[in-house]
Amino acid sequence: MKQPRGANDVYRLPPPIFDARCKACWFTVGLLVLVVASFWSLDLQWAQFFSAEAAASMGRFVGEFFPPDTSPAFLHKVAVAAWETLAMSAVGTLLAAIAGLALALPAARLHTGDAARARAPTSLLLNALRSVPELVWAALLLISAGLGPLAGTLALALHTTGVLGRLFAEAVENAPPGPAEALRAQGVGHGRVFLYATLPQVLPQLMSYTLYRWENNIRAAAVLGVVGAGGLGQLLAFHMGLFHMPKTATVLGAMLLLVAIVDAASLGARRWMTR
């Protein structure tokens, strides 16, 4: 006769904090050991960093930023550079979204019986694109594209293509297979199966990924100007290099304002799409 299950059966008890058979526990221990070893191996001068002399030096440096330069001529120059930074990030993200979707299809296994022969080389290409930082891409493209926003836009597009291509491929692979299998059973071709079954299911997720990367590209576009790729970054590098601190403060304020506006707009758009 089958015994009734009690309320205090072993399987109902909370698991132990550490179990020798728990792979996640050993992974966490290894990660903690690595973190401790990292702190131990680095020569971190915490006492000097938190000293009164360091605080006084930082206070004098920050004080040089005030008051910011609010002259109309310079504010106009900052506004033009901010628009250039926004345009670089928007165009770069748009190009990356298109290229990322084109590369995500061969990089994904669309269904169980898909041989996906192009998956490995396409994934290798996406890995190579996102492994190179935007700043390095911009420095390389300055040779062919010259100084200005074109190099920065292409640098953002190349790096973001690698990121979005990987995310898009995972979204396509994880899409519910039911609608696609139903169309495939009726003899519908692969292209129409993707357009009418898979894409409508993953489109909100793809748009969310794209908007999030656009937020990141706003910050990256501001940094790319340091190597001469235009926008606020180029203005920042110029005035900071000449120790024009009031003008530097104005450029930094414009960066913060631009990032805040784009973050708020992107967050609102993602919430609207996921309702």
Side-chain angles (χ1 to χ4, degrees), residues 62 64-100 129-165 167 207-270:
V62 173
E64 294 177 0
F65 286 92
F66 297 95
D69 189 340
T70 56
S71 61
F74 186 69
L75 288 179
H76 178 265
K77 184 186 296 186
V78 171
V80 171
W83 172 254
E84 191 173 77
T85 298
L86 181 64
M88 285 169 55
S89 65
V91 174
T93 306
L94 177 61
L95 294 176
I98 297 173
L129 289 175
R130 69 174 178 273
S131 296
V132 180
E134 299 97 331
L135 200 61
V136 178
W137 277 123
L140 295 174
L141 290 168
L142 284 174
I143 301 173
S144 58
L147 296 174
L150 178 59
T153 303
L154 294 178
L156 291 174
L158 287 173
H159 178 79
T160 310
T161 295
V163 176
L164 290 181
L167 295 174
M207 292 298 298
S208 180
Y209 285 147
T210 303
L211 288 172
Y212 178 70
R213 284 305 307 180
W214 183 35
E215 295 177 23
N216 293 338
N217 284 343
I218 284 286
R219 304 174 182 89
V223 175
L224 289 180
V226 174
V227 295
L232 287 172
Q234 187 168 348
L235 206 60
L236 177 66
F238 176 77
H239 290 292
M240 182 171 282
L242 295 177
F243 296 99
H244 295 163
M245 293 310 175
K247 295 182 184 296
T248 301
T250 304
V251 177
L252 290 175
M255 284 184 175
L256 293 174
L257 181 61
L258 183 62
V259 169
I261 292 174
V262 173
D263 282 353
S266 178
L267 179 61
R270 290 203 306 272

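Side-chain contact between L129 and W137 is present, with at least one heavy-atom pair separated by less than 4.5 Å. At a threshold of 4.5 Å between non-hydrogen side-chain atoms, the residues W214 and L86 count as touching.
A distance of 4.5 Å separates CG of N217 from CG of L156, quoted to the nearest 0.5 Å. Note that OG1 of T248 is 10.0 Å distant from CG of D69, once rounded to the nearest 0.5 Å. Rounding to the nearest 0.5 angstrom, the gap separating the CG atom in L167 from the OG1 atom in T160 is 10.5 Å. The NZ atom of K247 sits 10.5 Å away from the CG atom of L242 when rounded to the nearest 0.5 Å. Going from atom CD1 of I218 over to atom CZ of R213 covers 12.0 Å, rounded to the nearest 0.5 Å. Between atom CE of residue M245 and atom OG1 of residue T250 there is a gap of 12.5 Å, rounded to the nearest 0.5 Å.
What you find for L232 and V78 is that their closest heavy atoms are CD2-O, 3.7 Å. Between L224 and G152, the closest heavy-atom pair is CD1-O, 3.5 Å. Nearest heavy atoms, P246 versus P67: CB-O, 3.4 Å. Closest of all the heavy-atom pairs between A82 and L258 is O-CD2, 3.8 Å. Counting all heavy atoms, side chain and backbone alike, P149 lies closest to E84 at CG-OE2, 3.9 Å. Across every non-hydrogen atom of E134 and H159, the tightest pair is OE2-CD2, 3.2 Å.
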Full working for side-chain contact (heavy atoms from CB on, under 4.5 Å) between L158 and L141: CA-CA 11 Å; L158 287 173; L141 290 168; 4.0 Å; yes
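In this structure, H239 has its ring center under 6.0 Å from that of F74.
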